[in-house]
Amino acid sequence: MQVDSKSDVSRLLDRLVADALPNARGLEAWASLLQAHATLMRRLEVDLAQATGLALADFDVLAQLANAGGELRMTELAARALISRSGMTRRVARLVDEGLVRRANADADARVVVVALTDAGVARLTETAPVHLRGVSELFVAKLDDQELAVLKSALDKVTVDCTFG
């Protein structure tokens with residue numbers, strides 16, 4: 001399709017959006033969700049890195065392991081942390097090099113890799129968690145009242161898609 005001007009492109013997009021999403025509130029809500037997620041994650045990433053030197057994704061790996069009692073299979077860790085298995089493999093390799101986690105084969109199946117927190121990983125998590133949680137509290141939780149938080153949780157639970165990243 002040939003488009004002659006910027007206004008033609010804009011009208012084309014408007015028509016496509018109107019056809020696919022006739023309720024404008026739906027698109028507005030979607031745009032707000034994307035904007036909120038992107039800006040909050042960037043801010044949390046920068047604040048954590050500046051205050052502690054730890055990347056937010058590395059913090060997430062440590063936190064996921066702690067939430068699971070200290071260890072997880074690599075595939076489960078990748079699913080919980082919402083990154084690809086190959087991305088998780090590289091991230092875990094860096095965390096192993098830093099001494100924050102250790103990798104081992106599962107006793108029953110040598111093909112299964114288990115990732116576990118080390119004492120240094122627990123110490124690093126203990127150091128960084130307050131910084132991250134303070135950011136979550138100030139940038140997100142404090143901006144909403146209890147009712148808004150409950151409605152937001154309920155709404156987002158309805159649209160959470162069950163998928164495996166890999």
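If you read the sequence from its start, that first residue is 1, and numbering goes on from there.
Around the CD atom of Q147, the shell of radius 6.0 Å holds no more than 12 heavy atoms that belong to other residues, nucleotides or ligands. Within 6.0 Å of atom CG in D145, more than 12 heavy atoms from other residues, nucleotides or ligands are found, so the atom counts as buried in its surroundings. Heavy-atom contacts from other residues, nucleotides or ligands closer than 6.0 Å to CG of N23 number more than 12. Shown here is R94, whose CZ atom has more than 12 heavy atoms of other residues, nucleotides or ligands within 6.0 Å.
Between V92 and L77 there is a side-chain heavy-atom pair separated by less than 4.5 Å. With contacts defined as side-chain heavy-atom distances shorter than 4.5 Å, the pair V131/D47 does not qualify. Side-chain contact between L152 and F140 is present, with heavy atoms from C-beta onward closer than 4.5 Å. Here the side chains of V101 and L62 are in contact, with some heavy-atom distance below 4.5 Å. Under the 4.5 Å side-chain criterion, counting only non-hydrogen atoms from C-beta, N105 is in contact with V113.
A salt bridge links R11 with D8: at least one charged nitrogen is closer than 4.0 Å to a carboxylate oxygen. Ionic pairing of R124 and E127 is present here: one or more N-O contacts between side-chain nitrogen and carboxylate oxygen are shorter than 4.0 angstrom.
For Q64 (side chain) and V61 (main-chain N/O), no donor-acceptor pair under 3.5 Å exists by modelled atom type. T160 places a side-chain N or O within 3.5 Å of a backbone atom of L156 that can act as its donor or acceptor partner. A donor-acceptor pair under 3.5 Å is formed between the side chain of T126 and the backbone N or O of V122. T39 places a side-chain N or O within donor-acceptor distance of the main-chain N or O of A36, the cut-off being under 3.5 Å.
The shortest non-hydrogen separation linking K143 to E138 is CE-O, 3.6 Å.
Atom CG of N67 and atom CG of L72 lie 9.0 Å apart (nearest 0.5 Å). Distance check, rounded to the nearest 0.5 Å: CZ of R103 to CD of E71 gives 14.5 Å.
Taking the salt bridge (Lys or Arg N to Asp or Glu O under 4.0 Å) definition, one finds that E76 meets it with R80, sequence neighbours left out.
If you run side chain to side chain contact (heavy atoms under 4.5 Å, CB included) between V115 and each of M74, R73, R91, only M74 comes through.
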